[in-house]
Amino acid sequence: MRARLARVDAVLVQALIAAALSFAHLHDLAMAAGQDGWKAWAYPVSVDLLLVAAWRRLRSGTTKVAAWCWFVTALAASLGANVATAGLLDLGKVPAWLRILVAGWPAVAFLGGTLLAHTAPETDPGTEVIEDQEDEPETAPEPPAQPTIGAPAQTPPVPVPSALVEHARKVAAEHHTRTGAPIDTPTLRARLGVPAPMAEAIAAHI
């Protein structure tokens, strides 16, 4: 346990040192580009927050393309400041194009943070699988029997995929646990979003 804590502490110390150095480089570059006072301190904060927002979206497993784009954008801003302040750029004579980039960064950071925070998550893959399996039943429906003269017509059986039945059983179990009563067919139909004949067929299986 102590060895594990030591490894974690070492990683945290290294991360804090790297973050502090990157923060200072971004601050120095903003100062050199004419963003003095509190504005120079706000630039590294915006870069780090955009990195964190993109990383959280990557960890959530949704909209990874957008998350990777904004993560790379924030990482490029951080790395660019580190390289620019490492002696390769005369901070006393910052070129005009770099001043333009620094001045335009707040709008870029605001756009990226807003999109990452308010973009709707993608559809649950499990739901897509169930919907696809509804279109491909495991067994072909039997042809309806020819009604005899004077006998009422019989309704052909509704095919129900096994995956949908398993999903319905989970919904029924959750309803029973929450309410203490078995789920009825109208409630099951509303939860699954299926037609009434299919809901009745599913209820017969569970």
Hphob cluster co-occupancy, [X] + [Y], side-chain heavy atoms under 4.5 angstrom:
X    : Y    : value
M31  : V45  : no
W70  : V52  : no
F110 : L116 : no

Next on the checklist: Taking Y43's backbone N and O only, do any of them form a donor-acceptor pair with S46's side chain (distance below 3.5 Å, no angle check)?
Outcome noted: yes
Checklist entry - With distance as the sole test, does R57 use its side chain to make a donor-acceptor pair with the main-chain N or O of A67 at under 3.5 Å? => result no
Checklist entry - Got F71 and L75 here, is their nearest side-chain heavy-atom distance under 4.5 Å? => result yes
Checklist entry - Within a strict 4.5 Å, meaning less than it, do heavy atoms of the L50 and V108 side chains meet? => result no
Checklist entry - Just wondering, are more than 12 heavy atoms of other shown residues or ligands nearer than 6.0 Å to CZ in R169? => result yes
So which atom in [X] and which in [Y] form the shortest heavy-atom distance, rounded to 0.1 Å?
X    : Y    : answer
A32  : R99  : O-NH2, 3.7 Å
W41  : G37  : CD1-O, 3.5 Å
A168 : I202 : CB-CG2, 3.3 Å
L26  : A77  : CD2-O, 3.7 Å

Item to check | Test side-chain hydrogen bond (donor to acceptor under 3.5 Å, both in side chains) applied to R191 - qualifying residues, sequence neighbours left out | outcome: E174
Item to check | Sequence-distant partners of T187, side-chain hydrogen bond (donor to acceptor under 3.5 Å, both in side chains), two or more places apart | outcome: D184
Item to check | Between CG on residue L188 and CD on residue E200, distance to nearest 0.5 Å | outcome: 10.5 Å
Item to check | For I100, all residues meeting side-chain contact (heavy atoms from CB on, under 4.5 Å), sequence neighbours excluded | outcome: none
